[in-house]
Amino acid sequence: MSTIPDKPPFKFLDILYKKEFILFIVLVSILILNSNISPYFLDLYNLIDSTFLFSEKAIIALTMTFVIIARQIDLSVASIIAVSSCVLGYTTSLGYDTWLVISFTLLSGALCGAFNGAIITKFAIPSIIVTIGTMSLFRGLAYSFLEDSYYNKFPKLVSNLGSGYLFGYIPYAFLTFLLLSLVFAFILHKTSVGKKIYSIGNNPDAAQYTGIAVDKYTFVLFTLNGVFSAIAAIFLAGRLSSVRPNIAFGWELEIITMVVLGGVYIYGGSGSILGVVISIFILGMLSFGLGLLNVPGVGIIIFTGLLLILSIGFPSFVRTIRRKNE
Amino acid sequence: MKKILTNRDFILFSIILIGLIAVGFANPLFVTPKSISDVLTDTSILIILALSQMIVILIRAIDLSVASNLALSGMLISLLSTVHPELPVYYFIALSCVIGTVLGVLNGVSIAILKVPFIVTTLGTLSIYRGLIYFVSDGKQVYSNEFSEDFLSLIHYKFLSLSFLFWLAVAAFIVIYVLLNHTRFGRNLYSLGGNPDAAKYIGISENKYIILAYSISGFFAGLCGYLWVARYSVASTQIAIGFELTVISACVVGGISVMGGVGTVLGCVLGALLIGLIRNALPAVDISQFWQLAISGAIILMAIIINTKTEQRKEKTIMVEN
């Protein structure tokens, strides 16, 4: 048996077979297609403003990537947004200081996430079932708290964050997403924490035996997912300047689509932040382009669903056929 | 005797009974035969869908697309009935079941042949089927006056003062009970869920059973498509949104293990009944409807925690014996 090198030698052709490369080609073709179809697409201001459509979801997609790579899933993120934005509205209505309001909002997200994490790790229940439960629990809490009323007063800073631009060009939400994606790419791909998350996703039992505190990681990841949902809630509430209990309804699916389309394996253990970032742009530019063409939201829903299934189904179908031919 | 007392289904049944009595004390009007028969009618669709979802959960999968499937089948037959009101109602029911089955088979094929994980497939078809409703209906609603009389009247047919819907749920219970407990199909489903590898070694084709389970789930979703539209006399893009979660919670509360291979048909029905009772009883005891979602969420969580605890205990005893 030959020795296995630590790192495979770099070959330029290998890049062509990478998922990220395929995604990148898809993104470029969507950009070209869009700019050919609509003259309004390649307008800098339009493009920048289109990031408002996906930045909040994209922020959660980063932590969701970690969660899914660690072989878990979190369906409750959109409901956590509902809880956190209620806390945001409520603490504002009490007249608290802006920083206190934001701290409470983040804390509420962390508590919701920690609640998920505690039940999943303490009782060893699959996260999909737990978060289906907390998805209705959290959303239900928002409903029972707000009933049919709404909040529309937020601190100035929150409204600014939600709809403002840095230097008048870059939306704060988009900027936050870009910076966070750099941080997350670094953690996932360059630190031991990232390596541990991959090994938990590949084989949780083996990871446990090698001394990785699997439960602790799971708990922290879910808490982090809660915090990021709260961050998204701040941007979203600031942008919409109104909070109802049905805020961000159905977002969990869109966020998971972003992650899975980005090449993260739904049963954990593989995937990259770069892939997820490209897939976020693909979905964002796609819905922006379809929007310019006056395709209604539902057309985009169908397209997203198809893209999700085909992006996984097609490669595995090709693989099966190849195996049969061999 | 001890066996009966620790039986999960018996405990669930007692909880339902105690709940009913408690609500009865708070609001005597709730426990009149008329009102209870209304609750049963209201829960029937949930029972039918929970039973078919159970078949999917038994093999360690979940079908999240049932509510969208239901709404799409319901919308398609409603649109047909506006164009051809003269067709007999049985034609629409059959057609709705066929459409539902086809949508279910698509799920199954995607999971078994394309190897797309069930959660991704059914999340995808959840949006695709829902989106297609807008597509075929242009976002418009079909209102009660546009249906033929025949289409809507069947559902109000009563037998022994219980509704047609309830008897259909009973029929579904009997069919699925026999299917799961007295046929090879049922045994194989349980063994696939209990230990997929072992099941494959003794020659059970996993792919075949995945496709079958999803077709059955689709069939009943299609059937409920007709039932839903006829019961509420309206077909719109919004019907049954989020209902898949109620269905799954009914199964979970009924003791169907999401780890596969565990659960009884009776338990599943009782789970659906408990959820139905809660949904109907909250307004009767003056709890705001806004609390409903939070309370069902809390109940699902408690049910899964209790389920898992009892399952883990069994596992431990096996370890000790070894």
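As the structure is a computational prediction, the values presented were derived from the model and not from experiment. The chains referred to below are lettered A, B, ... by the order of the sequence lines, with proteins before strands, and numbering in each begins at 1.
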statement: Comparing A:D148, A:L146, A:I73 against chain B, the one with the most heavy-atom pairs below 4.5 Å turns out to be A:D148
field: Heavy-atom pair count under 4.5 Å with chain B, highest-scoring of A:L141, A:V260, A:I128, A:L253
entry: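 The residue among A:L141, A:V260, A:I128, A:L253 with the greatest pair count is A:L253.
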Using non-hydrogen atoms and a 4.5 Å limit, figure out which bit of [X] sits close to chain A: side chain, backbone, both or neither.
X      : value
B:T246 : neither
B:S249 : neither
B:L301 : side chain
B:I62  : side chain
B:I248 : side chain
B:I133 : neither

Could you tell me which portion of [X] (side chain, backbone, both or neither) has an atom closer than 4.5 angstrom to a non-hydrogen atom of chain B?
X      : value
A:L310 : neither
A:L306 : both
A:L307 : neither
A:F249 : side chain
A:Y267 : side chain

Which atoms form the tightest heavy-atom contact between [X] and [Y], and what is the distance?
X      : Y      : value
A:V130 : B:I304 : CA-CD1, 4.1 Å
B:A294 : A:S144 : CB-OG, 4.3 Å
B:I300 : A:G133 : CG2-CA, 4.1 Å
A:I256 : B:L123 : CG2-CD1, 4.2 Å
B:M259 : A:A124 : CE-O, 4.4 Å
B:P117 : A:I266 : CG-CG2, 3.2 Å

Inspect the surroundings of [atom1] in [X] and state if more than 12 heavy atoms from other residues, nucleotides or ligands are less than 6.0 Å away.
X      : atom1 : result
A:F303 : CZ    : no
B:F135 : CZ    : no
A:Y198 : OH    : yes

message: Measuring from atom CD1 of B:I305 to atom CZ of A:F123, what distance do you get when rounded to the nearest 0.5 angstrom?
response: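 With rounding to 0.5 Å, CD1 (B:I305) is 4.5 Å from CZ (A:F123).
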- prompt: Can A:I309 and B:I128 be said to form a side chain to side chain contact (heavy atoms under 4.5 Å, CB included), step by step?
  reply: CA-CA 10 Å; A:I309 293 180; B:I128 296 174; 4.2 Å; yes
